[in-house]
**Student:** 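I am attaching a structure below and will ask some questions about it afterwards.
In what follows, every heavy atom counts, from backbone to side chain, and hydrogens, waters and symmetry copies are set aside. Below, read A as the first sequence line, B as the second, and so on, with proteins coming before strands; counting in each chain starts at 1.
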Amino acid sequence: MAETSTGNKFYITTPIYYVNGRPHVGHSYTTIAADALARYHRLRGEEVFFVTGTDEHATKVVHAAQAQGLDTREFVDRMAASWQKTWERMHIAYDRFIRTTEAAHVAAVQRVVATLLASGDIYQDEYQGWYCVPCETYFRENELCEGTCPDCHRPVEQVAQPAFFFRTSAYSDRLLAYFEEHPEFIQPETRRREVIAFIEGGLRDACISRQHPGWGITMPEHPEHSVYVWFDALINYLTAVGYPDEQAPTWSWWPPDIQLMGKDILTRFHATIWPAMLMALGLPLPHRLFAHGYWVTDSGDKMSKSRGNVMDPWEVAKDLADLSGATTAVAVDAVRYFLLREVTFGLDGSFSMASLLGRFNADLANDLGNLLNRTLPLLERYREGIIPEPGPGAGGLREAIAQARERVAACLDHVDFRGALEAIWELLAAGNKFVDAREPWRLRREAKQVELDAVLYDLADCLRVVAILVGPFMPVVAEEIWERLGLAGVPPAWKDVEAGRLPAGVRVQVGRPLFPRVDLDRAWQRLEAKQEKTQKVAEDEPKEVAAVTVSYEEFQRLDLRAGKVLEVEKAPGSDKLYRLQIDLGEETPRQVVAGLAENFAPEDIQGKTVVVVANLEPATIRGIRSYGMILAVGEDKPLALVVADQEVPAGSKVR
RNA sequence: CGCGGGGUGGAGCAGUCCGGUAGCUCGCAAGGCUCAUAACCUUGAGGUCGCGGGUUCGAAUCCCGCCCCCGCUACCA
């Protein structure tokens, strides 16, 4: 039987992920870390509630659905299912998958808003500033990027409209006092200091409504407004345990014992607005917020979609399985191991196939796999695969096992996955040393049967402990080792992390190596060949086409026209912007603002016949009205202008 | 004076808060063993801890100044 519950409960969350995106290393990292912690606490016999889910509101979701020709509802259903599929593949055992479009969540959000409206923590005012329609985000003047949305670089609108605000500013002092009293609340320590500095710099009240509802939760009593997605999203942690029904059996989980997230969403959201919201609601705060770091590529670049260098852990695992010959499930566990072992949780780390393969060979194949694969055949050959009685002299690894147990527990209590894994690997090293020191083959030759029994028993016993300890990180691997030791059907439990608890008489199975060593030279050849192939495919068909297609009708909605550039002048107060006057065959030239100044001299543009998006929504950029957009070529900087290669009348249609 | 992170043997990192012989993994070299996936075990080579100054009996660790790299803009955790 599993260890009796200590009566402790453990509520752990990840952020809910935005449905539009596809999962990559970052999301997986948070979720795998949460899963490992959840599994560890279950192993300790605690009642665990592990929640993850999807964030499904915002107008951008509607657009994404349209782009795929789907009903929004159908689109989010599909995307949520795809996230669930990913977690299944990555061996994530969550207890609750929450979606923000669930009726329960909508009700919870409306209850929060109504409560805070009544208490005055949410108030109506007028919002003045810049607004990016597609992003549904407000910006201050100094946040704009060349007068455009800093996120999507599309034009922003100046707006002054009624909106609802959450009185974050009123909570600055209480938040700071709380952080003071609860130094463990925000981790790691550097992040905590960052948050404190951020709050001491002054909090603004957060605008938590949007006027064009689209796809979102309606503000109670103000149906013309919807709740801003971030405010909506944070509440999921409450919804998941039954809020607002405080009689619900699940409500006893509240508050979370730990909430994991990437460092980018700690400061502004999870460590300020979120605790302030809870204070306003009069609810206990989570015990700990833990922000982890970013994964960068081995060349030091941050992984991002726009750079096209993101790693999908599932794809990585499949590659690893392919290169090594391990099963895909084992390869998934290896990726989990890598992510939690390679880098101290909380710091940034670099992800590369080279370091993954390095760890796979050095740690998994050579240390863990090898110990398993030298122990089992010894048992098979010398003892017909039956675990012998320990007998006198057994217990040679008792110390090492006890040490590993204490260190794993201590490290995981501090969310130090790396330290915990290092401790387990020290036990493995002790096991490998033990074989060399005790030389079972020599004992066999010299017919020292009792001593041989003791050594073989200790080795198998050590592996049994390793299987338990490694389970939170590599659940499939742990189960496989468990079964090979003949323990199928026996539930692993923390109390069995102790020397001498392996039952004698069970039958082991040798089996194929779990982690077949990767031949690095061959691996590189194959990876390079694969890369060339994908590059070729990418050249054959522009990559964006595969992702999102637009219908012909949608294309036709763009009014593209040829226009002759009459004037070019630097926009005052800007390094990057030109103000252009363009003849589109209309009564007066069009004024267009374009970010070309860093890469083109005025004379490069003057007199050219360029392509203009003539029906682009007008925008004011750095105080200058812009009535169109010029097409240019270039990933992030304009490298070349799109021009007509023949003389054409100004205003000619481009099609 | 924008903010933050970092500069430690060939590579990647720990140690820096609470000064006291510089540590880990990988790689490299030699040896051992033969149960094992050329894996495992032992030993070794390799560092004036970015630069300069200061405090101290003693500094990678504290103080001052300087240099260099990287984020903070990329709808991404």
Side-chain angles (χ1 to χ4, degrees), chain A residues 14-15 17-18 20-33 58 60 132 134-137 143-146 148-154 189-191 193-194 197-198 201 260-267 291-296 298 300-307 310 324-325 341-344 347-350 352 354-355 358-359 361-382 418-419 422 425-426 428-429 431-444 455-456 459 510 512-519 635-636:
Chain A
T14 75
Y17 305 111
Y18 193 42
N20 270 16
R22 288 218 138 265
H24 65 257
V25 187
H27 305 110
S28 300
Y29 188 41
T30 320
T31 312
I32 289 168
K60 274 195 280 187
C132 175
C135 295
E136 290 184 50
T137 306
E143 291 173 327
L144 298 180
C145 179
E146 296 170 28
T148 63
C149 169
D151 285 342
C152 71
H153 297 285
R154 277 177 283 210
E189 185 61 27
T190 53
R191 294 276 101 73
R193 285 195 291 253
E194 212 171 274
F198 173 74
L260 303 185
M261 72 219 66
K263 63 182 182 181
D264 57 331
I265 55 174
L266 173 77
T267 308
H292 66 247
Y294 284 130
W295 285 96
V296 297
D298 51 346
D301 296 325
K302 188 172 162 182
M303 287 187 203
S304 71
K305 275 185 188 166
S306 54
R307 286 188 175 177
V310 289
S324 67
R341 171 66 195 265
E342 181 74 358
V343 169
T344 303
L347 303 182
D348 290 357
S350 70
S352 68
S355 41
R359 287 245 171 244
N361 277 350
D363 299 354
L364 298 175
N366 296 355
D367 294 340
L368 173 55
N370 190 227
L371 184 60
L372 185 68
N373 271 294
R374 60 199 304 207
T375 301
L376 296 182
L378 283 172
L379 279 159
E380 185 67 39
R381 202 163 318 152
Y382 299 165
R418 179 189 228 194
E422 277 171 359
W425 256 254
E426 266 174 38
L428 284 167
N432 272 317
K433 274 187 196 122
F434 183 77
V435 184
D436 274 48
R438 303 298 274 271
E439 300 174 288
W441 48 91
R442 186 177 54 81
L443 298 175
R444 163 76 165 181
V455 168
L456 294 178
L459 280 172
V510 176
R512 304 281 312 147
L514 273 180
F515 306 103
R517 211 168 191 292
V518 177
D519 179 331
E635 194 66 28
D636 36 36

**Student:** Side chain of A:H27: nearest nucleotide among B:A77, B:C40, B:A39?
**Tutor:** B:A77
**Student:** Using the C1' atom on both, measure B:A29 against B:G10 and round to a whole Å.
**Tutor:** 14 Å
**Student:** Considering only side-chain heavy atoms of A:K433, which listed nucleotide, B:C26, B:A77, B:U42, is closest?
**Tutor:** B:U42
**Student:** Looking for any heavy atom pair under 4.0 Å, which part of the strands does A:D363 touch: base, sugar-phosphate only, or nothing?
**Tutor:** nothing
**Student:** I'd like to know if the side chain of A:T344 and the backbone of A:L347 have a donor-acceptor N/O pair within less than 3.5 Å.
**Tutor:** no
**Student:** Excluding sequence neighbours, so at least two apart, what forms salt bridge (Lys or Arg N to Asp or Glu O under 4.0 Å) with A:R359?
**Tutor:** A:E342, A:D363
**Student:** From the list B:U34, B:A77, B:A39, which nucleotide is the closest neighbour of the side chain of A:Y17?
**Tutor:** B:A77
**Student:** For B:C49 versus B:U21, give the span between their P atoms, rounded off to a whole number of Å.
**Tutor:** 15 Å
**Student:** Within the pair A:N370 and B:C40, is there a side-chain N or O less than 4.0 Å away from OP1 or OP2?
**Tutor:** no
**Student:** Using a cut-off of 4.0 Å on non-hydrogen atoms, how would the nucleic acid contact of A:G26 be classed: base, sugar-phosphate, or nothing?
**Tutor:** base
**Student:** When all nucleic acid strands are considered with a 4.0 Å heavy-atom cut-off, which category describes A:L371: base, sugar-phosphate, or nothing?
**Tutor:** nothing
**Student:** Using a 4.0 Å heavy-atom cut-off across all strands, classify A:R418 as base, sugar-phosphate, or nothing.
**Tutor:** sugar-phosphate
**Student:** Checking only heavy atoms, does the side chain of A:D436 share a donor-acceptor pair with the base of B:G32 at less than 3.5 Å?
**Tutor:** yes
**Student:** If you only use heavy atoms from C-beta on, which nucleotide in B:C35, B:C13, B:A36 is closest to the side chain of A:N373?
**Tutor:** B:A36
**Student:** Are A:L459 and A:V435 packed together at the side-chain level, in the sense that at least one heavy-atom pair is separated by less than 4.5 angstrom?
**Tutor:** yes
**Student:** Among B:A77, B:C35, B:U37, find the nucleotide with the atom closest to the side chain of A:P513.
**Tutor:** B:U37
**Student:** Of all the choices, B:U25, B:C40, B:C26, which nucleotide is nearest to the side chain of A:A362 once you look at every atom?
**Tutor:** B:C26
**Student:** Counting only side-chain heavy atoms from C-beta out, which of B:U37, B:A36, B:A77 sits nearest to A:W295?
**Tutor:** B:A77
**Student:** Rounding to the closest angstrom, what is the interatomic distance between B:A22 and B:G50 at atom P?
**Tutor:** 15 Å
**Student:** Could you measure between the two P atoms, the one in B:G6 and the one in B:C13, and give it in whole Å?
**Tutor:** 12 Å
**Student:** Base, sugar-phosphate alone, or nothing: which one does A:I265 contact when heavy atoms must sit under 4.0 Å apart?
**Tutor:** sugar-phosphate
**Student:** Looking at A:R517, I'd like to know whether one of its side-chain N or O atoms comes within less than 4.0 Å of OP1 or OP2 on B:A39.
**Tutor:** yes
**Student:** Within the 4.0 Å heavy-atom criterion, would you say A:G358 contacts the bases, only the backbone, or no part of the nucleic acid?
**Tutor:** nothing
**Student:** Expressed as a whole number of Å, how far does the C1' atom of B:A77 sit from that of B:U37?
**Tutor:** 35 Å
**Student:** Tell which nucleotide pairs with B:C33, taking only Watson-Crick or G-U wobble pairs whose two distances are both under 3.5 angstrom.
**Tutor:** none
**Student:** Establish, with yes or no, whether the OP1 or OP2 oxygen of B:A36 is under 4.0 angstrom from a side-chain nitrogen or oxygen of A:R381.
**Tutor:** yes
**Student:** A:W441 has a side chain; which of B:A77, B:C33, B:C40 sits nearest to it?
**Tutor:** B:C33
**Student:** Determine the contact category for A:P440: base if any of its heavy atoms lies under 4.0 Å from a base atom, sugar-phosphate if only primed atoms, P, OP1 or OP2 are that close, otherwise nothing.
**Tutor:** nothing
**Student:** With P as the reference atom in both, quote the distance from B:C26 to B:C40 in angstrom, rounded to an integer.
**Tutor:** 8 Å
**Student:** Between B:U16 and B:G7, how far apart are the C1' atoms? Round to whole Å, please.
**Tutor:** 14 Å
